[in-house]
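Beneath this line is the structure, given in structure tokens, with notes to follow.
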Amino acid sequence: MKLFKQPQLSKREKNFNKIGQLHGMIIMILLGAGFIATLGGYAAGSILTVAGTLAIIASFVFGHRRSDEFQKAIQLKAAAISFALMMVILSVTSMLEAYGNFTDYPVTTLFYAGFLLHLLILPHLGKKANEK
Amino acid sequence: MKNNLSKLRAQYKWSQAELGDRLDVSRQTVNAIENGKYDPSLPLAFRIAQLFKQNVEDIFTPED
């Protein structure tokens with residue numbers, strides 16, 4: 001029995017809600033939030049994380065293979081910078097964790113942070129190299 | 001490394017994208033080479049020289 005009358009949603013509103021749910025799920029995965037604490041939930045979370053990680057690696061590898069020598073050079077440079085920044089983040093978070101200020105940060109979040117850093121640094125390097 | 005790639009390209013009335021297509025590289029790569037932001041590999045330098053029918057050292061000169 002429904003206590004409240006459900007509002008009639010248009011197709012557009014339903015689609016919007018679906019997109020919202022999908023975004024929420026992506027953000028949850030990015031933040032390393034687990035699914036419901038059941039074996040199935042953990043399995044789903046692990047599978048999605050592995051799939052996401054492999055997709056990111058595949059996008060890098062295929063992108064790298066299709067690029068010419070200059071693009072390859074700036075991609076490697078961006079990867080090196082983002083890796084260095086990730087190491088800095090790792091050391092800071094480890095230190096904070098050791099002092100008990102910051103706990104339960106997942107490595108997955110760090111990996112995605114590196115991916116985002118790479119995506120932010122790469123166009124910057126390309127633009128810089130094309131400046132007069 | 002200095003180069004006169006932009007002058008040569010102007011002589012042939014090619015755009016950066018057109019030259020990139022002929023060299024099988026991107027327009028960004030041609031632009032970066034012309035601006036001296038990127039030194040091409042030896043195979044690419046030879047492809048450029050071959051395309052403009054010149055020697056590599058006539059196009060690329062070391063900076064003092």
Side-chain angles (χ1 to χ4, degrees), chain A residues 23 26 30 51-92 108-132, chain B:
Chain A
H23 281 182
I26 290 167
L30 290 182
T53 308
L54 287 175
I56 290 167
I57 292 168
S59 73
F60 281 161
V61 170
F62 291 125
H64 192 73
R65 278 169 64 181
R66 273 203 306 271
S67 306
D68 64 24
E69 58 177 60
F70 164 68
Q71 289 166 333
K72 277 179 183 168
I74 59 167
Q75 279 166 10
L76 287 175
K77 205 172 172 184
I81 293 169
S82 48
F83 182 74
L85 287 173
M86 271 172 70
M87 287 296 111
V88 173
I89 296 167
L90 182 65
S91 57
V92 171
T108 316
T109 310
L110 193 68
F111 185 84
Y112 284 119
F115 169 65
L116 288 172
L117 280 171
H118 185 89
L119 287 183
L120 290 170
I121 294 163
L122 192 55
H124 174 73
L125 288 178
K127 199 179 161 192
K128 205 176 153 193
N130 278 279
E131 276 171 0
K132 276 199 175 180
Chain B
M1 191 80 79
K2 286 191 291 184
N3 68 76
N4 55 0
L5 194 60
S6 55
K7 282 179 192 166
L8 284 168
R9 186 172 59 77
Q11 278 175 22
Y12 281 74
K13 289 174 184 168
W14 288 338
S15 65
Q16 286 185 339
E18 215 174 334
L19 178 59
D21 284 343
R22 285 168 195 272
L23 294 168
D24 199 24
V25 294
S26 64
R27 185 197 59 78
Q28 286 87 349
T29 305
V30 174
N31 191 29
I33 295 169
E34 280 186 5
N35 293 331
K37 300 269 180 174
Y38 174 70
D39 291 331
S41 66
L42 208 49
L44 179 57
F46 272 101
R47 282 214 305 277
I48 294 167
Q50 219 167 22
L51 186 70
F52 290 113
K53 298 179 185 76
Q54 294 206 10
N55 294 321
V56 175
E57 60 268 33
D58 295 333
I59 302 172
F60 297 97
T61 44
E63 235 163 348
D64 295 323

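In the text below, chain A, chain B and the rest are named by the order of the sequence lines, each starting its count at 1.
- Heavy-atom neighbours of chain A within the stretch residues 50-57 of chain B, taken at a separation under 4.5 angstrom, are nonexistent.
- A:Ile74 contributes atom CD1, which lies 8.0 Å from atom CD of B:Gln28 (distance to the nearest 0.5 angstrom).
- For residues 11-29 of chain B, the pairs satisfying salt bridge (charged side-chain N to carboxylate O under 4.0 Å, His left out) are B:Glu18-B:Arg22, with sequence neighbours left out.
- Atom CZ of A:Phe60 has more than 12 neighbouring heavy atoms from other residues, nucleotides or ligands inside a 6.0 Å radius.
- Residue B:Tyr12 places its OH atom among more than 12 non-hydrogen atoms of other residues, nucleotides or ligands, all under 6.0 Å distant.
- Proximity of a side-chain donor or acceptor of A:Glu69 to a complementary backbone N or O of B:Ser41 within less than 3.5 Å is detected.
- Annotation: A:Lys72, atom NZ; neighbour count of heavy atoms from other residues, nucleotides and ligands within 6.0 Å is above 12.
- To the nearest 0.5 angstrom, B:Asn31 atom CG is 8.0 Å from A:Phe70 atom CZ.
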